[in-house]
Amino acid sequence: MGENNLSCIELNIDRMTCANCQNRIQTALIKLDGIVKAEVSFSLGTASVVFDKTVITTEKIIDCVNALGYNAVVGTRNKNISRAIVFFFNYSYNLCCASTFRFA
């Protein structure tokens, strides 16, 4: 897996009601082939996912979450964007994700 093949998405996830939902989604995402890192936040209603775009698509990631009974959509910039950036800068995959964030 080359670093150029890595991509990241921020998902907004509806219908999470507790920390168990967060853990259920994160566990399912991490088990998918092509997922490098996934962090799900019940309190923010989001998932930040680093993945190999040659192995898995954004649509398959969303389908995985939706199959669990939640409603996931690709997120838009929100007030918590700095938290997502800090998360990605804590890992060696930092440049691929940081470059995808655009500020207004």
Side-chain angles (χ1 to χ4, degrees):
M1 163 177 43
E3 192 170 306
N4 291 335
N5 294 333
L6 294 181
S7 190
C8 64
I9 54 170
E10 176 99 2
L11 300 176
N12 291 333
I13 304 173
D14 292 331
R15 300 186 189 141
M16 280 195 286
T17 59
C18 64
N20 286 333
C21 296
Q22 170 185 305
N23 294 337
R24 184 174 181 223
I25 294 168
Q26 187 162 317
T27 299
L29 288 172
I30 291 170
K31 288 181 179 181
L32 292 173
D33 287 338
I35 300 296
V36 176
K37 189 74 180 173
E39 182 175 275
V40 179
S41 172
F42 160 63
S43 62
L44 299 175
T46 62
S48 299
V49 184
V50 179
F51 62 101
D52 183 337
K53 60 188 174 186
T54 65
V55 178
I56 191 165
T57 64
T58 299
E59 292 76 20
K60 287 185 181 180
I61 295 169
I62 290 171
D63 288 347
C64 172
V65 176
N66 291 346
L68 296 171
Y70 305 97
N71 182 35
V73 295
V74 175
T76 58
R77 181 175 174 257
N78 62 45
K79 64 183 179 184
N80 299 306
I81 196 74
S82 61
R83 280 190 173 178
I85 291 171
V86 169
F87 161 72
F88 288 116
F89 273 96
N90 285 330
Y91 296 93
S92 62
Y93 315 106
N94 57 9
L95 296 178
C96 77
C97 291
S99 66
T100 65
F101 294 115
R102 292 179 178 81
F103 296 90

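Residues meeting the side-chain contact (heavy atoms from CB on, under 4.5 Å) test with Leu32, sequence neighbours left out: Leu29, Ile35, Ile56, Cys64. Asp63 pairs by the side-chain contact (heavy atoms from CB on, under 4.5 Å) definition with nothing, not counting sequence neighbours. Taking the side chain to side chain donor-acceptor pair (under 3.5 Å) definition, one finds that Thr58 meets it with nothing, sequence neighbours left out.
Closest heavy-atom contact between Ala38 and Ile30: CB-CG1, 4.1 Å.
Taking the side chain as every heavy atom from C-beta outward, Thr46 and Leu11 never approach each other to under 4.5 Å.
With a 6.0 Å radius and a threshold of 12 heavy atoms from other residues, nucleotides or ligands, Asp33 has its CG atom at or below the threshold.
Rounding to the nearest 0.5 Å gives a distance of 12.0 Å between CG of Asp14 and OH of Tyr70.
The same ILVMFWY cluster, assembled from side-chain heavy atoms under 4.5 Å apart, contains both Ile13 and Val74. Put simply, Val73 and Ile9 are part of two different groups of oily side chains (I, L, V, M, F, W, Y) that touch within less than 4.5 Å, one to the next.
With Glu10 contributing its side chain and Gly75 its backbone, the two residues share no donor-acceptor pair below 3.5 Å.
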Donor-acceptor pairs under 3.5 angstrom involving side-chain atoms of residues 16-25: please list them, not counting sequence neighbours.
{"unit_1": "Gln22", "atom_1": "OE1", "unit_2": "Phe42", "atom_2": "N", "d": "2.8"}
{"unit_1": "Asn23", "atom_1": "ND2", "unit_2": "Ala19", "atom_2": "O", "d": "3.4"}
{"unit_1": "Arg24", "atom_1": "NH1", "unit_2": "Leu68", "atom_2": "O", "d": "3.0"}

